[in-house]
Amino acid sequence: MKKVFARPESLKLTPFHYCPGCGHSIIHRLVSEVIDELGIRERTVGVPPAGCAVLAYNYFDVDMAEAPHGRAAAVATGIKRVRPDLVAFSYQGDGDIAAIGTAETIHAANRGERITAIFVNNAVYGMTGGQMAPTTISGQVTTTTPLGRAPLRDGYPLDLSEMLGIAAGSVYIERTSVSSPKWINKTKKAIRKAFMVQLEDRGFSLVEILSPCPTNWKMTPVQSIRWVEETMMTIFPPKVIKDVA
Amino acid sequence: MLLKSVFSGFGGQGVLMMGYALAVAGMEEDKHVTYLPAYGAEVRGGTANCTVVVSDEEIASPIASSPEFVVAMNYPSMAKYQNMVKSGGIMFLNSDLITETLPRDDVKVVLVPANTLAHEMGNDRVLNMIMLGAMVRVTGIVSEESLSQAIETVLEGKKRSLVEINQKALAKGAEYIAAHN
Amino acid sequence: MSETKEKKKDKKLMRGSHVLGEAAIRAGCRAYFGYPITPQNELPEYMAEQFAQMPDAVFLQAESELASINMVMGASIAGARVMTSSSSPGISLKQEGISYIAGMELPAVIVNMMRGGPGLGNIAPAQGDYFQATKGGGHGDYRLIVLAPAYGQEIADMTRQAFDLADKYRNPVMILGDGMLGQMMEPVVFPDPIDPAQLPAKPWTLTGCKGRPSRIIRSLWLDVNREEELNWRLVRKYEAITAEVVDQEMYLAEDAELIIVAYGTAARIAKGGVQRARAMGIKVGLFRPKTLWPYPSEPLARLADQVDEIIVFEMSTGQMVEDVRLAVEGRCRVSFYGRPGGVVATPEEISRVISSTHHRAHPKKVAGGRASGGSRLTVVG
Amino acid sequence: MKGKIEIDQELCKGCGLCIQVCPKKQIEFSDALNKKGYYPASFKERDRKTTEKLECTGCALCAIQCPDVAIEVYREEKEQSTTAKKAAPTDE
């Protein structure tokens, strides 16, 4: 029999440190597969965030550079500006990209930086232990919203992708999910397209991926993918937010 | 020889250019020079001033708390610097705008009607170079030849067409001194 | 004859901030990221104007100092000779990135044209950021190489040196100046330009893993033993820098009974004060650290054996004076004279401080004046 | 048998998502702990009770959903070569 599904070349054979059922590692695999299929492994530089994916450089078998919390878009900008022949992507969680790094992200998008952002939205601060994130939905219980997020006190969940869609320099922005094989395949297509936008030198691209965090949501992995589809998707509907032809 | 000069006036009188031209001329003569413009909000509005030091030796402080020479293009400038001029120094006053007398007798005063002379030349804007020409004729900080040459550096590029009129203004200031002092 | 004329042509009267920019470009700098703040805007403006003519060069006005220092980080990761500049409050914002750059051992040149503070303060020349520059500044256990030019020519030379040191030691280098150094024009002769393509290759940069294993540039070491190892390795690097980089100017120090220590703009004022005091017959000299970190402690300690007292003059309430005391280790008295907040002292004022100090040390020799009011004169035994 | 899967028992963290998505219900939790202390998923070729042979189609849904890239999928070659990319029938 022929092997039809195996680990992509751009993903090291290092076991993931992520919790059981975590969406990060699925997304790592998808990004790696896209890098392999586009044949860009040897000219890609990745910039992971602070947060659970801070150790992403242990998994991707491409050149990887750390960034301070929230600053991945700026670091990727620096790399890409001085070496336009490289393919630069940032890999950022919701706290990283939509709270502390909002300014860097919006301005990178608005300048039309030729970088690709992978935005993992799991509605919670994972690595620090489950605090409220900018994308925590109203009513959601976190360690810093023990009675649930109350918008009039804690603010509303932030639609960062929609905001980035308004920026003139963004070319392609799509929100997807990794809650089922169907969505995972859609996500891979979106990631591929986002990298293509960069390869075609067209501008800023971003894929927001709704991703389960069973540990901090205090759910089983199976419950967590259901929560993504039944609850998160009502607040953050998957769709193509911007696609400049 | 170490001579410190302060140029002061209001924005638009070309005060900074006077100092810059003197500093360039000093450099062309292989002297040590510093040019220190006042920096701050006032540069863009009301008063402007700069300090130029020309020396045969390395210049320690570019600041002049008691300059040998002060050029005041309007009365507020005179008021500001009249007590700072070194005893035995010279104050150059734009007599078109300054009618007040200097309340000191240990400082020499040279009056130059810079606005009138510029107007006679048909270009009101060259009053600064008229004053500078007069000042250099009196002080001899640099040679008049170097100063005239410095104008070419100062007005490099887009302003090249203005070189000649500015050089003529320098000469006019020097001639005024020759005729009146 | 023609040779001297050629030389004259090379000499340019330029403001300090433009000198710095031109020297950076001649050092092979092809990337600049910054955010406007007075009094250093002439530097980014110069870079923007020059880079506009250079297709391979990158100028980017970022959305904040935070963003710009992280762009510097990225450009350095990708191998560029890169620079950013700011003034005191902006440098505070950059500290996060500077700490990362130090931890990731990346070369970068950071210019701080200090102004009066704390807080928003004012745009006048001051030296209140000495601690921030020399003691780390951001979080963690690190040092910047800190160069303090005082003359236009030195701005040109130190800028070249800054890029070379940054690359050599893979360490951020700060050039510490102020608005006066940035605005003042002095004649400068520039070193010949370097073609960035001719610079030695940096074998650690991230340029895509073609033909080699993939690399990681990081500062995160969750394993405490590895983090400790990194910290000690940095210390060994800092020791090597200290041994090789320390530099200072000594002026009329051979026979001095009294030494004034000052850096940057303050040192030029102090030099004027020394000249005046010498004319009054006081045997005073100037010690001017050209590197603030590493600090020239040893040569200063040797001077301390020779003199009765050291006066430290800073345009602050007293920061470098602590390093002087550490260097002197009680060999002589150390007193301090400061004018913070953007006040620029005059050489006359400094000569009065010198003469009153001298009078205290040698009451019979010379009758001196008094230090002007308003500032603090402290003496430490 | 059209396909089969291999689950790396040490990479698996026993999250159970593969069990959830397998259309043939051919994956179950193992009874034995792995070195990390998880009960990993394991592939069953026969029904436990009936011992009837089960028909894995090599659809790869389990591998697509697996967060730990612990599953490799094999399929009998029919026409031309199939790639991992084309493995999923639910792909739009």
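By convention in this document, chain letters (A, B, ...) are assigned in the order of the sequence lines, proteins followed by strands, and residues within each chain are numbered from 1.
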Using non-hydrogen atoms only, which part of [X] is less than 4.5 Å away from chain A: side chain, backbone, both, or neither?
| X | value |
| --- | --- |
| C/I69 | neither |
| C/T205 | backbone |
| C/I77 | side chain |

Exercise for review: Just say parallel, tilted or perpendicular for the rings of A/F60 and A/H28, cut-offs at 30° and 60°.
Suggested key: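 The rings of A/F60 and A/H28 sit tilted, inter-plane angle from 30° to 60°.
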Largest heavy-atom contact set with chain C, pairs under 4.5 Å, which of [options]:
| options | result |
| --- | --- |
| A/R43, A/M64, A/E66 | A/E66 |
| A/R81, A/R41, A/H69 | A/R81 |
| A/N58, A/D61, A/D85, A/V45 | A/D61 |

In terms of heavy-atom proximity below 4.5 Å to chain C, should [X] be classed as side chain, backbone, both, or neither?
| X | result |
| --- | --- |
| A/A65 | both |
| A/I106 | neither |
| A/K80 | neither |

What residue, out of [options], has the most heavy-atom pairs lying under 4.5 Å from chain A?
| options | answer |
| --- | --- |
| C/C209, C/A78, C/A80, C/A75 | C/C209 |
| C/I217, C/V82, C/L222 | C/I217 |
| C/A67, C/S219, C/S64 | C/S219 |

Practice item. Using the ring of C/W232 (Phe, Tyr or Trp, six-membered ring only), decide whether C/R236 places NZ or CZ under 6.0 Å from its centre and within 45 degrees of its axis. Key: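 Geometry flag: not set, cation outside 6.0 Å or 45°.
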Exercise for review: Would you verify whether the NZ or CZ of C/R170 falls within 45 degrees of the ring axis of C/W204 while also being under 6.0 Å from that six-membered ring's centre?
Suggested key: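 Yes.
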Practice item. Evaluate the criterion ring pair (Phe, Tyr, Trp, His ring centres under 6.0 Å) for residue pair A/F89 and A/F195; output intermediate values, then yes/no. Key: CA-CA 8 Å; A/F89 77 92; A/F195 273 89; 5.8 Å; yes
Practice item. Check whether more than 12 heavy atoms from other residues, nucleotides or ligands sit under 6.0 Å from atom CD of C/E49, and answer yes or no. Key: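 Incorrect, the count does not exceed 12.
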Point to revise | Option among A/Y59, A/F16, A/Y91 that satisfies the ring pair (Phe, Tyr, Trp, His ring centres under 6.0 Å) test with A/H24 | key: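 So the option named by the test is A/Y91.
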Review point. Hey, are A/D36 and A/S10 close enough side-chain-wise for a donor-acceptor pair under 3.5 Å?
Key: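 Side chains of A/S10 and A/D36: pair found under 3.5 Å.
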Practice item. Determine whether the side chains of C/Q95 and C/S92 contain a donor N or O and an acceptor N or O closer than 3.5 Å. Key: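 Side chains of C/Q95 and C/S92: no pair found under 3.5 Å.
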